[in-house]
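Order of the sequence lines fixes the chain letters, A, B, ..., with proteins taken first and strands second; residue numbering starts at 1 for each chain.
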Amino acid sequence: MSGRVLPILIVLLAIMLFWYAAAIWMNAPWQSMLYARAGLLDVPVQQFVLDSWAQDKPVLPAPHQVFGEIWNAAIAIAPTSRRSLAYHAWITLSGTLFGFVLGTALGIALAVAIVHNDAANRSLMPWIIASQTVPILAVAPMVVVGFGAVGVTGLLPKALISMYLSFFPVVVGMVKGLRTPETIQLDLLQTYNATPWQVFAKLRWPAAMPFLFASMKVGIAISLIGAVVGELSNNAGGGLGVRLLTGSYNGQTVQIWAALFIAAALAAVLVIAVGVLERLVNARMGARPI
Amino acid sequence: MSQLQYYLALVAGGLCAAGLALSFATPLETALLLKAFLALGFLSLLRFALPLSLWADGAIAALGAVAVLAGLAALDPAPAFFWMALIATWLFAWLFVERLAAAIRAGRATGFGMVIPLVFGVSILLFWEVVTRGAHVPQVILPPPSQVWTRLIASLPTLWADFQQTFLKAVLAGYIMGCAAGFAVAILVDRSPFLKAGLLPIGNFVSALPIIGIAPIMVMWFGFDWQSKAAVVVAMTFFPMLVNTVSGLNAASSIERDLMRTYAANYWQTLFKLRLPAAAPFIFNALKINSTLALIGAIVAEFFGTPIVGMGFRISTEVGRLNIDLVWAEIAMAAVAGSAFYGVIALVERSVTFWHPSVRGRA
């Protein structure tokens, strides 16, 4: 274990050091301008460094500023307040999960149709692949505004964007997974006089589980991206995307970085949660632990 | 005839019969073509007595598409039999595709593999056009494809300027820099197992993060012009390239490496003659993933501020002005550009990794 963790820790430490150094370097011009305005000459280096790590709107905030902002905005404030990051994270999370569930359901349904019907396979598959070369995130503002025009706001437009992004890995993975049973296994079920439904429930579906979870890990990560981008077009709704946008309008870099870190943490938690679910399901289905 | 085909034929013919009966309420000369289609569809029920070629189904579906489009102008508001004709057209197209797929499978029709996805695409366009115009869907929600097309033709100069700004400048520059940087770092990291053990999990983790969120920061650092978009694209494309190249460099088996050792090949010879070619499928995989990511990154980064040109800028402002047809034109262009970008990389991959089983199997 330590053989695997140590290199990661060292690399993380290196990134941290690099970040602090970069923060000095990138904030230096503004800091020296501040000193020049205040008429301060030959400031000691130590003072200069500390000041450049403590600016109000730094070009690159130092890590401790970002974590301080996360602490202030996510934990110290009541989560019901609109200023709380936890509140915005919750909005994004609910959109992500809703879209992810829709996308996974759509993906599984399409995969089942594709595996069982030759015409569906031939007509849908090329378009599904082509659908992903479309930069769908560009459509996000239109979806949000279009639905807003007919009075549908809030969770659904965001969730639809997430759905569009997350259904693709699920379709591709599930088509592969549902086709993994070999002819010999299908033949065996035929000798048992199994109905098509039994073939599906007892052979194809269990065989597709590893593929489903691998796809779901990809899907949930991009469905978070979809939710964040969907929020960019709906300022009133709140969410991490709105925090990014308002931060960018007001030059609040610390706020942007804090929202970014929360989004990253959310992504990590979601991917890990899918991993845990995978382990539970595998244990339940009697798969041998790998 | 399979069960599904049987029911499709039955329902399509029955719908045509019902539509034909309803259409007698209107004077004979209105929408004559539509009535002809309904009559023909009704007659297709004779297939249960004498066999009907699958191409006849295709012809009926095509006639239905033309008739429905022609009837759109004549019949307003659209009566019930019009919608029945639309659904019947869809069913005939489905039946045609179903039978063609079966024929291809049985080896009776070769060289028609492309027809099936095409029929599906055309059906979607037809449905979109007819429903938006026939049911008077507000333009704000969904403009019909014909309107998008005229708008696209009318505003070609704007679209070209946006394409230049977003694709030729931001996407290509960022894509090349990001992929090259990821590749170079992967080669460097590859020499040190320690760095590899440290960087790979982090790279994998960062690949799953919403990197797109750094867009506002990049806009602050690099200004409003294309450089900031290119920076976002670099950040988005770097990690997939890094992770894929590193795992690709491990793809050569130890027996092949041992062979290179027996030839007394040095590190660089092994790298260029064995390991990089072996890594090519992985590298192309990253290039393909990145081609979509790059376009997304550049467009979304433009939501955070641009000079007044660019695909993302145009989309977000025209949405605000409710010019949805122009937005769709922009999206269509982005889709074509994205598909072409992807297609070019896939073609290069085929010629470079001609030896790989996934390419070799195809004709």
Would a 4.5 Å heavy-atom cut-off, applied to side chains only, mark B/Phe194 and A/Ile10 as touching?
-> yes
A/Val229 side chain reached by B/Ile296 side chain, heavy atoms, under 4.5 Å | no
Side chain, backbone, both or neither: which part of B/Val97 has a heavy atom under 4.5 Å from chain A?
-> both
Under 4.5 Å from a heavy atom of chain B, the part of A/Ile222 involved | neither
Honestly, the part of A/Ala267 sitting under 4.5 Å from a heavy atom of chain B is side chain
Where on A/Leu244 is there a heavy atom nearer than 4.5 Å to chain B: the side chain, the backbone, both, or neither?
-> both
Part of B/Leu4 lying under 4.5 Å from any heavy atom of chain A | side chain
Given a strict heavy-atom distance threshold of 4.5 Å, which part of A/Asn117 is in contact with chain B: side chain, backbone, both, or neither?
-> side chain
Do B/Trp221 and A/Leu60 come close enough that some side-chain heavy atom pair is under 4.5 Å?
-> yes
Most heavy-atom pairs under 4.5 Å with chain A, out of B/Ile104, B/Leu199, B/Ile217, belong to B/Ile217
Residues B/Pro201 and A/Ile8: closest non-hydrogen pair is CG-CD1, 3.6 Å
Partner chain A: residue of B/Glu302, B/Glu330, B/Met220, B/Lys288 with the largest heavy-atom pair count (under 4.5 Å) | B/Met220
Heavy-atom count around B/Trp90 CH2 within 6.0 Å, excluding the residue itself: above 12?
-> yes
Interatomic spacing from CD1 in A/Ile225 to CE in B/Met236 - rounded to 0.5 Å | 6.0 Å
